[in-house]
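Note that the structure is a prediction, hence the values are computed from the model and not measured.
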Amino acid sequence: MKPKRAFTLVELLAVLAIVGILAAIIIPVTASMRANARTSTCASNLRQLGVAGLLYAQDHQGRFSTSRLYNPSNHATEPGVVDYVISDYGSYVNNTNKIYVDSINKSSVFTCPSFSDYAFSSALQGLRQTYSVSLTASNNAAGGTVALRYVKAVVNPSKTAWIMDGAWESGSGWFASVIGYNQLSTYLPKLQYPHDGKENVLFVDGHVALIPRDQMLDANSPFWTGL
């Protein structure tokens with residue numbers, strides 16, 4: 001009877017070395033693919049919000065929506081972009097908080113997947129909303145009259161920021177609904193740059209681009225002023 005042949009130590013070490021090399025190649029590639037997928041999903045979310053925002057403007061004399069994309073305090077008289085994302089949203093707002101939260105969370109369009117593990121405040125009761133609106137491109141009733149509250153007032157729509165990966169308010173446990181162009185020194189340090197050190201930004205003309213930090217620092221640029 002022919003004896004069974006076992007692996008020698010050298011052969012075993014060679015196999016382990018090959019497995020280690022393959023793992024060293026595959027793991028970074030997989031991580032990169034996941035990061036790219038999150039970036040693409042986020043960009044898709046912003047494009048959908050842009051379409052919803054432009055539909056809102058068509059129905060409201062050309063005005064931008066408020067900066068509160070998902071929950072205007074006076075929903076009955078001031079519907080938001082959320083109504084153009086979730087068709088039956090209006091039926092939820094007068095119900096329990098859980099039904100309201102579920103109605104928002106069932107549409108992941110309000111959440112960048114890169115922020116899914118952030119420690120949101122329990123006061124939000126499970127609500128996740130991670131995008132912030134530039135005050136320039138907003139009809140923010142809570143903030144008073146904004147000079148460019150009408151879409152047509154934006155001179156450089158392809159250069160003017162509208163909605164972006166949000167500014168994280170770590171002390172509060174949520175993302176700021178609005179970024180004020182006149183308070184950039186306060187808000188810029190709160191931006192997270194989740195996509196390889198860049199922000200996904202929706203512009204007023206509807207396109208989305210990855211913007212590095214150094215292109216967001218000038219408060220007088222069209223990016224923030226729309227002029």
Taking the side chain as every heavy atom from C-beta outward, state whether [X] and [Y] have any pair of such atoms under 4.5 Å apart.
X    : Y    : value
C112 : R38  : no
V109 : L49  : yes
V133 : Y131 : no
N156 : L227 : no
S134 : W162 : no
L191 : E199 : yes
F64  : L54  : no
M216 : I211 : yes

Looking at every heavy atom in both [X] and [Y], which two are closest together, and how far apart are they?
X    : Y    : answer
Y193 : R213 : OH-CG, 3.1 Å
A161 : A137 : O-CB, 3.8 Å
W224 : D218 : CD1-O, 3.3 Å
G180 : L135 : CA-CB, 3.8 Å

Do [X] side-chain atoms and [Y] backbone N/O form a donor-acceptor pair below 3.5 Å?
X    : Y    : result
T225 : S221 : yes
N200 : T39  : yes
S65  : V81  : no
T136 : G226 : no

Exercise. According to a 4.5 Å side-chain heavy-atom criterion applied to Ile, Leu, Val, Met, Phe, Trp and Tyr, with indirect links allowed, do I179 and L210 form part of one hydrophobic cluster?
Worked result: no
Any chance you could measure [X], atom [atom1], to [Y], atom [atom2], to the nearest 0.5 Å?
X    : Y    : atom1 : atom2 : result
T41  : L46  : OG1   : CG    : 11.0 Å
L202 : T160 : CG    : OG1   : 11.5 Å
S132 : M164 : OG    : CE    : 7.5 Å
K159 : Q215 : NZ    : CD    : 11.5 Å
H60  : Y150 : NE2   : OH    : 11.5 Å

For this session: Would you sort out whether D165 and H195 count as a side chain to side chain contact (heavy atoms under 4.5 Å, CB included), showing the intermediate values?
Result: CA-CA 9 Å; D165 285 309; H195 307 296; 3.1 Å; yes
Seminar exercise, completed: W168 meets the ring pair (Phe, Tyr, Trp, His ring centres under 6.0 Å) criterion, sequence neighbours left out, with Y118, F120, F175
For this session: Identify, with sequence neighbours excluded, every residue that meets ring pair (Phe, Tyr, Trp, His ring centres under 6.0 Å) alongside F203.
Result: H207, F223
For this session: Report the C-alpha separation of Y84 and D59 in whole Å, then their side-chain angles, then the decisive distance to 0.1 Å, and conclude whether the side chain to side chain donor-acceptor pair (under 3.5 Å) test is met.
Result: CA-CA 11 Å; Y84 295 81; D59 291 343; 2.8 Å; yes
Exercise. With E169, which residues qualify under side chain to side chain donor-acceptor pair (under 3.5 Å), at least two apart?
Worked result: K190
